[in-house]
Amino acid sequence: MGNWVENEGLSIFVVLVWLGLNVFLFWWFYLAYDVPQKFFYTRELLGHALALARAPAACLNFNCMLILLPVCRNLLSFLRGSSACCSTRVRRQLDRNLTFHKMVAWMIALHTAIHTIAHLFNVEWSVQARVEEKNTLASVLSKLGDKPEESYVNFFRQTIPNPVGGLYVAFTYLAGLTGVIITLALILIITSSTKTIRRSYFEVFWYTHHLFVIFFIGLVIHGAGRIVRGQTEESLAVHKPEICYKNFSEWGRKGACPIPQFSGNPPMTWKWVVGPMFLYLCERLVRFWRSQQKVVITKVVIHPFKTIELQMMKKGFKMEVGQYIFVKCPAVSKLEWHPFTLTSAPEEDYFSIHVRIVGDWTEGLFNACGCDKQEFQEAWKLPKIAVDGPFGTASEDVFSYETVMLVGAGIGVTPFASVLKSVWYKYCHDATNLKLKKIYFYWLCRDTHAFEWFADLLQSLETQMQERNNAEFLSYNIYLTGWDESQATHFVVHHEEEKDVITGLKQKTLYGRPNWENEFKTIARQHPGSRIGVFLCGPEGLADTLNKQSISNSEADPRGVHFIFNKENF
């Protein structure tokens, strides 16, 4: 149970608090419009749809206040790097920033749907009451404001029947027009954010996501028309709606109730979102400033399996293991930024990324760097690169544990290249201050060619550990998950050789997938009473498996073994 709390509890606590605040705001503002006498006559016009429109509006304000904060990367990196501000548990929650961002987005979509549907009824009933000829209370209320000394409660002042009247509100009133615009923007943002679109058409996702600018502008001015109106305090003092509504035909006559006066609610959204909008503006200014700093590509290395390595230098650039950067190549696209994990170590005098060619942008970068040509590319012909970052990730905490499990799938091995390089440098110089005592490294890959660019690093680290009589420091297992009969035959023939025929390492390549339950149980037996960090850069399915194993193989006793799951998320 203890490890469940450490792996899931705080995030569950955060989610419950967030959901609880949404429920509280919905209920509080529902009652604020459904009970007070101030909105008695407004409810006579609109019924419960008034409160059903205003309650989700309050929740929208709250969630729109939150939606920008998880993508303020510089702010999160600052908090993550400040031990005074953030404990390890809090930093692990900061690593889930995009998950929270998506949850808030879906909550915004839900409340937008409720708010829109409720206002569709409000508009229909307001238009209907305005054109109604019968002497009903709704009709009398709708005619208020036609005379100079009166103030209106029904915002619809024309006498156009439905459905034309409803369309007139939607496209000529400020609230209606901005509502249509921000709803369309939200639909485009959410539909283009699906996993399929992000992976196959990243440019569509990237461009449509910037509709958030239109969304927030529309959101701030949406309530400026003040179409939701309530009775003024001065009017309530002389006109008691629960008494006077019965004699509405006598209003204004001598000895009867005076004509009620109304005013619109002032816009409130800007008060909720101005703070996060200012923070995000500062975030974008910092990104712009960083993007203008000169970056020099010092080396381009073509690796097998359609992977290139860019080695770069930038004045004042400082990094930690496992961090990532955003890269823009104006020769490919003047606007697009793409995230890449740093594969260099902090001890090196350059920083590097490995880029797998999987889409239009990466293909464009591949060609811009001259990798599609056979001849040697001159350095001055290499494209200009803009870099934003580095930004913190879960891998920064690797050196906070004595024992770690590093699991990479395919190109997901890149953050651990930085970790293992840094370990190698530390061992070359001074390992006495290194808290980390044991690494279990797992790499799962479909194709043998993918191993080639990483095998040299493992060979260097393997040799370094043996020279220092500490060969047990690094235990690594490389799994080939995609293989055919000819490869299996080749494996059998050469199995007895000293070094693996695929990687050149002493540790033989394994075929298939790990039995994670056995791996966790074995490690738990070898490190009783330890806190073991489990770090993954890979797909969601593997993340679910490792997270469940981390929980199920941890002991309830606080003094027992505990697996702490961490996942790269950017």
### Considering all heavy atoms, the nearest F216-I67 contact
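Taking every non-hydrogen atom into account, CZ-CG2, 3.6 Å.
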### Task
Check the pair I532, V404 against side-chain contact (heavy atoms from CB on, under 4.5 Å), reporting the backbone distance first and the verdict last.
CA-CA 5 Å; I532 301 170; V404 296; 5.8 Å; no
#### Entry: Q293 side chain near K315 side chain, heavy-atom distance below 4.5 Å
no
### Query
Is V15 close to M103 at the side-chain level, that is, under 4.5 Å between some pair of heavy atoms?
yes
Checking side-chain polar atoms at under 3.5 Å, does [X] have a donor or acceptor matched by the opposite partner on [Y]?
X	Y	value
N97	R73	no
N63	W18	yes
S475	K438	yes
T403	S530	no

### Query
Between the main-chain N or O of V419 and the side-chain N or O of S422, is there a donor-acceptor pair closer than 3.5 Å?
no
#### Entry: Separation of T545 OG1 from W516 CH2 (nearest 0.5 Å)
9.0 Å
### Message
Before you tell me yes or no, could you show the steps for Y440 and H527 under ring pair (Phe, Tyr, Trp, His ring centres under 6.0 Å), namely the whole-Å CA-CA distance, both residues' side-chain angles and the distance that decides it to 0.1 Å?
### Response
CA-CA 12 Å; Y440 294 92; H527 303 276; 5.6 Å; yes
#### Entry: Candidates I325, T343, T298 - the one meeting side chain to side chain contact (heavy atoms under 4.5 Å, CB included) with F351
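So, applying the side chain to side chain contact (heavy atoms under 4.5 Å, CB included) to F351 and each of I325, T343, T298, only I325 qualifies.
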### Message
Check K328 with D388, please: is the shortest side-chain N to carboxylate O separation under 4.0 Å?
### Response
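Answer for the salt bridge query: no.
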### Query
In chain order, what residues pass the salt bridge (Lys or Arg N to Asp or Glu O under 4.0 Å) check against E363, with sequence neighbours excluded?
none
### Message
Among residues at least two apart in sequence or on other chains, which ones pass salt bridge (Lys or Arg N to Asp or Glu O under 4.0 Å) with E283?
### Response
R287
### Query
Taking only residues two or more places apart in sequence, or in another chain, which ones meet W272 in a side chain to side chain donor-acceptor pair (under 3.5 Å)?
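In terms of side chain to side chain donor-acceptor pair (under 3.5 Å), with neighbours along the sequence ignored, W272 is linked to no residue.
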